[in-house]
Amino acid sequence: MSCSGPQMEVVSCTIVFLVIFVTIATSADIYLDWHVSLNYNINPVSANQPVITINGMFPGPLINATTNDYVHVNVFNDLDEPLLFTWNGIQQRQNSWQDGVSGTNCPIIPKTNWTYVFELKDQIGTFFYFPSINFLKAGGAFGPIRVNNRPVISVPFPKPEAEFDLLIGDWYNSSYKDIRSRLETVDIVSPNWMLINGKGPYMNILSKSNESFKVTQGKTYLLRISNVGTAWSFNFRIQNHKLLLVETEGSYVNQIDLDSLDVHVGQSYSVLVTADQNAADYYIVASPKMSNATVNNSLVGIAVLHYDNSTTQAHGSLPSAPDPFDLEFSINQAKSIRWNLTAGAARPNPQGTFNVTNVTISQAFILEASTATIDRLSLYTVNNVSYLTPDTPLKLADHFSDESGVYKLDAYSKNTSNVNAVHDVFVASALYKEWTEIVVKNTLKTIDAWHLDGYSFFVVGLGEGEWKEESRSSYNLFDPVVRSTVQVFPGGWSAVYVYPDNPGMWNLRSQNLQSWYLGEELYVRVFDPNPNPAKENPPPQNLLLCGKYQPLAPPPVPSVSPPPPTPPNAPSSKAYNLHTTRFQFSMITTAMCFLYIGFH
């Protein structure tokens with residue numbers, strides 16, 4: 001028996017209601033209060049320096065959520081300068097208002113607070129957050145994000161005994177403020193420490209403490225590894241243990257056993273590690289790429305894998321790493337990381353049902369990262385344009401007055417370099433729902449890493465030497481991994497495909513903090529003028545104004561922190577109201593669907 005005509009329309013409306021209802025019923029609201037302040041006592045490497053903490057913690061607290069949950073983060077800025085947080089890899093579907101970068105949000109000024117509200121729509125995986133402006137990331141305030149699968153979605157590996165977050169990154173041994181003040185005028189030495197979860201290397205006399213992970217012999221553990229540093233890529237490995245790679249930045253991958261794993265700035269991975277050795281302690285190591293750092297160098301991060309019945313300290317040599325200057329090894333490993341086409345992720349259908357095998361590319365961005373001296377300042381550029389941050393966020397100008405003199409859309413080419421180096425606002429348009437190729441060429445002498453807010457992209461190619469049109473013949477269009485940050489090797493290139501179906505103003509940037517701070521970024525405007533249906537969320541009710549759109553009254557003082565959370569089985573009134581609103585929305589949507597049938 002088949003349905004047709006009115007019967008099919010009724011079925012369609014019923015499906016619409018059920019989909020929305022199930023989403024509402026299975027999502028939760030997570031409320032977080034963050035007090036961001038400077039701490040002069042932590043001193044992870046015994047240097048007298050300020051560390052930016054959240055609720056006194058460094059790194060910051062875990063955001064532990066599930067697909068489609070709503071996260072509310074009330075940020076109290078107790079610093080002495082403006083603050084924004086961005087959510088690395090979280091796509092902010094239809095909601096670039098919550099992206100937390102200079103082009104989308106006015107900063108949270110000192111002694112005030114502001115609440116982010118965003119949905120983890122159709123995502124799973126390992127991510128992290130960090131402060132996005134004023135070079136603050138070099139001072140801390142980064143933390144982990146886990147987005148867990150809904151119970152109805154199967155995971156392509158057995159449930160691990162436990163999960164560990166490993167936030168690994170380079171670290172300066174002086175104040176981030178001192179480093180920031182000198183960036184534009186002199187060459188700054190690279191960070192000279194590698195921290196693991198905010199702690200210095202094991203066995204280093206200057207480390208106040210070191211990180212240790214307790215495991216039980218015979219059990220398997222999920223390690224969520226993120227490079228939260230500012231400059232150095234690192235190679236990660238564990239003495240006498242294999243790493244089974246299973247996920248990166250929201251995508252399940254074809255599982256491969258590795259002795260070590262390269263992780264570039266801004267990237268995240270999940271690996272399974274089985275405690276299958278004799279009961280003892282073992283070294284966990286993160287050593288920099290493109291560096292001659294030796295075993296005892298502070299730039300080699302060392303932690304301990306501790307078996308719970310161990311009586312033997314870690315000993316012997318540190319596990320060996322590939323040659324840190326061997327780009328061929330790094331490129332081949334990157335190419336070996338492939339998308340798992342059959343696994344489901346946030347949705348029950350296999351990841352591979354959405355692929356790039358036969359797509360038609362409608363436009364191409366060919367971007368070259370380089371450096372230039374402009375007005376006696378040493379800056380980084382994209383196509384010879386060093387990004388100049390306007391006082392008014394691009395998103396505000398876009399919403400209120402269609403650019404309003406804040407920026408000029410497509411003033412600079414997306415695929416050729418400007419003749420002369422300029423310091424200006426760079427905003428490029430992307431065609432809504434038209435496949436786009438982005439090629440990034442790296443003329444620098446260091447490994448770069450590029451990230452696009454609002455999206456995950458298909459990494460179809462990377463290589464050494466000059467990118468040419470013929471390079472497209474080498475692209476992997478069958479099972480390229482999907483992620484949000486891609487490495488670009490020195491003197492090399494990387495190519496990605498992206499489908500611009502998420503309207504908004506999105507930051508496309510270098511993840512290397514000095515490069516980003518000094519201009520290696522642009523914004524991509526994705527827009528569809530057809531208002532039916534609405535392509536974007538309206539501005540939030542608590543929208544901050546600044547620049548050309550100054551608030552009518554002084555900013556409010558920080559509100560009183562909410563009362564302690566209610567027990568797990570007792571829904572909060574806020575969560576109830578929000579779910580009620582979403583339920584009403586589903587009812588209205590379904591009613592309109594049936595009304596449409598009635599009129600036709």
Roughly how far, to the nearest 0.5 Å, is the OG atom of S494 from the CG atom of L367?
-> 12.0 Å
Please determine, by modelled atom types, if N134 and Y517 share a side-chain donor-acceptor pair under 3.5 angstrom.
-> no
For the residue pair W87 and F118, is the inter-centroid distance of their aromatic rings smaller than 6.0 Å?
-> yes
Gap separating the NE2 atom of H423 from the CD1 atom of I374, nearest 0.5 angstrom | 6.5 Å
Does one side chain, of N442 or E368, offer a donor that lies under 3.5 Å from an acceptor on the other?
-> no
Drop me the distance from L543's CG to C106's SG, to the nearest 0.5 angstrom.
-> 7.0 Å
Donor-acceptor side-chain pairing of T126 and S268 below 3.5 angstrom = no
Which atom pair, heavy atoms only, marks the closest approach of A449 to V265?
-> CB-O, 3.3 Å
Would W97 and Y116 count as a close aromatic pair, with their ring centres under 6.0 Å?
-> no
When you check the side-chain N and O atoms of Y549 and S401, is any donor under 3.5 Å from an acceptor?
-> yes
Determine, step by step, whether Y412 and N384 satisfy the side chain to side chain donor-acceptor pair (under 3.5 Å) criterion, reporting the C-alpha distance in whole Å, the side-chain angles of both residues, the deciding distance to 0.1 Å, and the verdict.
-> CA-CA 9 Å; Y412 301 102; N384 229 10; over 6 Å; no
Any donor-acceptor N/O pair, S386 side chain to Y380 backbone, under 3.5 Å | yes
Check whether any side-chain N or O of D122 sits under 3.5 Å from a backbone N or O of A346 as a donor-acceptor pair, and report yes or no.
-> no
N415 side chain to S413 side chain, donor-acceptor N/O pair below 3.5 angstrom = yes
Listed partners of Q91 passing side-chain contact (heavy atoms from CB on, under 4.5 Å), at least two apart | R93, Q123, S456
Show the atom names and distances, to 0.1 Å, of all donor-acceptor pairs under 3.5 Å that link a side chain in residues 165-175 to residues at least two apart or in another chain.
| unit_1 | atom_1 | unit_2 | atom_2 | d |
| --- | --- | --- | --- | --- |
| D165 | OD1 | R146 | NE | 3.1 |
| D165 | OD2 | R146 | NE | 3.1 |
| D165 | OD2 | R146 | NH2 | 2.8 |
| D170 | OD1 | T230 | N | 2.8 |
| D170 | OD1 | T230 | OG1 | 2.7 |
| D170 | OD2 | T230 | N | 3.3 |
| D170 | OD2 | A231 | N | 2.9 |
| D170 | OD2 | W232 | N | 2.7 |
| W171 | NE1 | Q49 | OE1 | 2.7 |
| S175 | OG | K177 | N | 3.0 |

Does any donor atom in the side chain of S429 or D410 lie under 3.5 Å from an acceptor atom in the other side chain?
-> yes
Work out which heavy atom in P393 is nearest to a heavy atom in C546; give both atom names and the distance.
-> CD-SG, 3.4 Å
Indicate whether any N or O donor in one side chain lies under 3.5 Å from an N or O acceptor in the other, for D262 and S330.
-> yes
Any salt bridge (Lys or Arg N to Asp or Glu O under 4.0 Å) involving residues 387-396? Give me the pairs, sequence neighbours left out, ordered by first then second residue.
-> K395-E536
Going by the ring-ring contact (aromatic ring centres under 6.0 Å, His included) test, name the single residue among W114, F76, Y129 that passes it with W34.
-> Y129
Run the numbers on N74 and N113 for side chain to side chain donor-acceptor pair (under 3.5 Å), then give the verdict.
-> CA-CA 7 Å; N74 190 7; N113 68 304; 2.8 Å; yes
Taking atom types as modelled and ignoring hydrogens, do the side chains of T248 and R483 form a donor-acceptor contact shorter than 3.5 angstrom?
-> yes
Say whether, by atom type as modelled, one donor and one acceptor occur between the side chain of W506 and the main chain of N502 under 3.5 angstrom.
-> yes
Identify the residue among D453, D448, D99 that makes a salt bridge (Lys or Arg N to Asp or Glu O under 4.0 Å) with R509.
-> D453
Within the distance-only criterion (no hydrogens, no angle test), does the side chain of T67 pair as donor or acceptor with the backbone N or O of N148 below 3.5 angstrom?
-> yes
Interatomic distance, CZ@F365 vs CG@N383, rounded to 0.5 Å, equals 10.5 Å
Between the side chains of D29 and H72, is a donor N or O closer than 3.5 angstrom to an acceptor N or O?
-> yes
Pairwise distance OG(S233) to NE2(H264) - rounded to 0.5 angstrom = 5.0 Å
Donor-acceptor side-chain pairing of Q267 and Q487 below 3.5 angstrom | yes
Are F213 and F164 near enough that their ring centres are under 6.0 Å apart?
-> yes
First locate atom CD1 of I54, then atom CZ of F142, and finally report the distance between them rounded to the nearest 0.5 Å.
-> 9.5 Å
